[in-house]
Amino acid sequence: MVQYNFKAIQPVPTATDMVDIVLSKTQRQTPTVVHNGWAIQRIRQFYTRKVKFTSSNIVDRLGTILTSFPKADEVHPFYGDLLNVLYDKDHYKLALGQLHTAKQLMTRIADDYVRLLKYADSLYRSKQLKRAALGRMCTLIKRQAPSLAYLEQVRQHMSRLPSIDPNTRTLLVCGYPNVGKSSFMNKVTRADVEVQPYAFTTKSLFVGHTDYKYLRWQVIDTPGILDRPLEERNTIEMQSITALAHLRAAVLYVVDISEQCGFTLEQQATLFHSICPLFANKPVMVVMNKIDARQVEDLTDDQRQILEKMGHEAAKVSAGAAAGVAFTTDLSEVLVPMSTLTEEGVSNVKTIACDRLLASRVEMKLNSKRVHDVADRLHVAMPKQRDTVSRPPCIPSGVEELRKKREAGERKKTEKDLQEEQGGAGVYSQDVRKRWDLDDEAWKYDIMPEIWEGHNIADFIDPDIDAKLEALEREEEELAANAPVADEMDEEHLTLEEAETLAAIRSRKTKLISEHRRKKKLGTNAAVMPRSKGAADVERSRTATRMKSELGGMGIDPSAVETAVNRARSQSRGRELHKKRARSKSAAAMEDAGQPQVRVRSSKSRSMSRGRSLSLAAPEPGTGLKDAAMRNRAYKLNDRAQRRLQREARKGEGDRHIPDLKPKHLFSGKMSNGTRDRR
């Protein structure tokens, strides 16, 4: 199934807009700073990059335009002729061809100037070559201004075209102007086509959709057609001719038998016979509309003969649509009356048209070559009799009884019937036990024994359970009275000092438990106290003195803790003093040897650090430095050069910042008097 989404075509910019877009993008996304002191190869690469970037950007944009528009020779013939009618296919192909040629010329211009830039011998010459390349590219784009403007208008019009599927099930409504085509479409579909009492209200194709036999059908309303030569028909009429010529659809030729449309019945019949060759291979119906204003019986004999002649012609064309179909003189499915005002016969017209189109499509598929290929792969299995045993159908007796009761007029009572018989809603209580499936029907309404999870509770009841429970409770009480208390300590044999210690331990334990419960109860609502000496939370003030007193109270010798604390303090402090003493001794030794202390490598240091003492050592062999003085001088020169670069803070070629807040190529040409376009 081929579908074309013309709404997805991207907008086509004008020539001036495309030049501004391309040059602005080149300015923003390529380096902008070049120096005369650079090597000539670097200057060539700088300008070559600009030329290549501009060319590739233009080629990509032109390629996007070319690929987004449909090609007139590759689309369905219906869309190909529609393009020719609406936009002139030659003009359309010429515009796309000019853009394709411009795309090739753009690549050729870039290649030529890149080749010339390889031989540029100065910054000025390279810049002039770049300028000439971009100028030729912009001139080439400006020459395509008419083609770009034409394609943008075509895109806007194509985006408003209806989405028509040429291969789906379609009902095509055609005829003279103002005969009721749009009214019929509004009745059978959800479309809302404008209906007015004057001719040519519909100026283009309109599409609606309807459902029939669980299938989606496409209904197309065509503009009115006048009876005149093909070369004299305008664009509005040619859209209808194109649809009739290329769409595989059921044709509904609407005739106004009341002649209120301004055309006589003879004129409408003449138009039907003139466009009859377009109805080939399609089921055709002649729909007699406006029977509310004039009945078919009120027509004259000549007018009836005209309608019958149109019906015979339509039946003949429809019979020739499918090979092997016999021609019939029954005109009941060819000449169909209806009224779009009272909706009389509208659904009948829709049903007959859909059925005839389905039959025609099936007949065409059966006559195609693909049917034989499919039929060759099908195998129909035929059952064979295996023996002579008679196996009549078996119908259960319950089904037979229900069938007899139904034939006798008996009807099974439902819960609603029982509810109405026994007081109605609010009084009737549904019996939920009557459909229980039990081994004994008498168990349904028993109070005892009760059934729980498939077991009878009465089977598990012990009559002596109360006496056994009392005996068990007495036994537990005796065991509890005779059991020794393991947690209680025999305090009678404790000394006075041990009793005081035990009391202190118990008091401490009670205090910790209560404190823990208090903090747990407060949770996150407790204020965060600082870790200071005078903090309100005494528990968080930990000192060595307090630790020794608490350990002594717990019966632990605090002398070992004091020894460990002193050792830690002496080591942490002594290492720093040892380093200072070592540095002072080395400095004194240098003074005794007559060597002056020189500030080396860094002017920001305030003391003789470890890093500077290493710089006084002799340089490593293989570095190219003779002694420590030469190495220190190299350090100073490096610092001085780095300091100069840091002060200047110049930008490099990799910086993408454009210092000019109003580039001339973006703000030129905005004045009313004259032009400011320097390109």
Side-chain angles (χ1 to χ4, degrees), residues 12-67 95-148 641 644-645 648-669 675-679:
V12 181
T14 62
T16 306
D17 292 342
M18 183 175 287
V19 169
D20 290 340
I21 291 170
V22 170
L23 294 183
S24 176
K25 191 172 182 180
T26 303
Q27 180 77 357
R28 285 184 288 106
Q29 298 189 6
T30 55
T32 56
V33 178
V34 62
H35 298 288
N36 199 12
W38 285 358
I40 187 61
Q41 186 63 25
R42 188 176 178 183
I43 296 174
R44 292 170 184 167
Q45 292 176 356
F46 178 86
Y47 287 108
T48 301
R49 180 177 177 183
K50 286 184 174 293
V51 174
K52 287 184 176 180
F53 184 85
T54 306
S55 172
S56 63
N57 195 3
I58 297 175
V59 169
D60 291 343
R61 291 187 177 276
L62 294 179
T64 303
I65 296 173
L66 292 173
T67 54
L96 293 179
Q98 288 177 349
L99 291 187
H100 182 70
T101 304
K103 177 183 173 183
Q104 294 178 342
L105 290 177
M106 203 69 63
T107 305
R108 193 178 305 170
I109 290 173
D111 294 341
D112 293 343
Y113 278 91
V114 166
R115 192 179 302 111
L116 292 175
L117 277 168
K118 292 181 180 179
Y119 300 98
D121 54 358
S122 65
L123 174 63
Y124 175 77
R125 190 158 302 190
S126 300
K127 183 176 181 180
Q128 293 302 319
L129 287 173
K130 183 268 297 185
R131 219 174 140 189
L134 268 60
R136 287 190 60 185
M137 292 178 187
C138 295
T139 303
L140 187 58
I141 293 177
K142 290 180 179 179
R143 288 179 180 175
Q144 308 304 321
S147 299
L148 293 174
R644 180 178 60 83
L645 291 177
E648 293 178 354
R650 291 183 178 178
K651 62 185 178 183
E653 65 170 330
D655 294 328
R656 298 295 187 266
H657 177 65
I658 303 176
D660 190 0
L661 299 180
K662 290 188 177 182
K664 189 173 182 181
H665 75 279
L666 288 180
F667 289 88
S668 60
T675 178
R676 298 296 185 269
D677 193 352
R678 61 186 175 88
R679 294 185 301 275

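Owing to the predicted nature of the structure, the values given are computational and were not obtained by experimental measurement.
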First locate atom [atom1] of [X], then atom [atom2] of [Y], and finally report the distance between them rounded to the nearest 0.5 Å.
| X | Y | atom1 | atom2 | value |
| --- | --- | --- | --- | --- |
| Arg125 | Leu116 | CZ | CG | 11.0 Å |
| Gln45 | Lys50 | CD | NZ | 14.5 Å |
| Ser126 | Arg44 | OG | CZ | 7.0 Å |
| Lys127 | Ile43 | NZ | CD1 | 12.0 Å |
| Thr26 | Met137 | OG1 | CE | 9.0 Å |
| Lys130 | Phe46 | NZ | CZ | 7.5 Å |

I need the minimum non-hydrogen distance between [X] and [Y], along with the two atoms involved.
| X | Y | value |
| --- | --- | --- |
| Leu123 | His35 | CD2-C, 4.3 Å |
| Leu129 | Tyr113 | O-CD2, 3.5 Å |
| Ile40 | Ala120 | CG1-O, 3.6 Å |
| Arg49 | Gln29 | NH2-O, 4.0 Å |
| Ala102 | Leu140 | O-CD2, 3.7 Å |

Report summary line: Here the salt bridge (Lys or Arg N to Asp or Glu O under 4.0 Å) pairs for residues 97-115, sequence neighbours left out, are Asp112-Arg115
Requested in this report: State, with a plain yes or no, whether a side-chain heavy atom of Ile65 is found less than 4.5 Å away from one of Met18.
Outcome: yes
Query - Side chains of Pro13 and Leu148 in contact at under 4.5 Å (non-hydrogen atoms) - result: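 No - every pair of side-chain heavy atoms lies 4.5 Å or more apart.
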Query - Step-by-step side-chain contact (heavy atoms from CB on, under 4.5 Å) determination, Asn36 to Tyr124 - result: CA-CA 9 Å; Asn36 199 12; Tyr124 175 77; over 6 Å; no
Query raised in the report: Is it true that a side-chain atom of Ser24 and a backbone atom of Ile21 form a donor plus acceptor pair closer than 3.5 Å?
Result: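 Not at all, since once roles are kept as given, no pair shorter than 3.5 Å links the two residues.
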Requested in this report: Measure from the side-chain N and O atoms of Ser55 to the backbone N and O of Val51, and report whether any donor-acceptor pair falls under 3.5 Å.
Outcome: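 Such a contact is absent between Ser55 side chain and Val51 backbone.
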Report task. Start with the C-alpha gap between Met106 and Ile141, add the side-chain angles, then the distance that decides, and say whether side-chain contact (heavy atoms from CB on, under 4.5 Å) holds. Result -> CA-CA 9 Å; Met106 203 69 63; Ile141 293 177; 4.0 Å; yes
Requested in this report: Please check if any side-chain donor atom of Thr14 sits under 3.5 Å from a side-chain acceptor atom of Asp17, or the reverse.
Outcome: yes
Query raised in the report: In a check of side-chain contact (heavy atoms from CB on, under 4.5 Å) between Arg61 and each of Thr64, Asn57, Ile58, which one passes?
Result: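 Looking at Thr64, Asn57, Ile58, the match for Arg61 under the side-chain contact (heavy atoms from CB on, under 4.5 Å) is Asn57.
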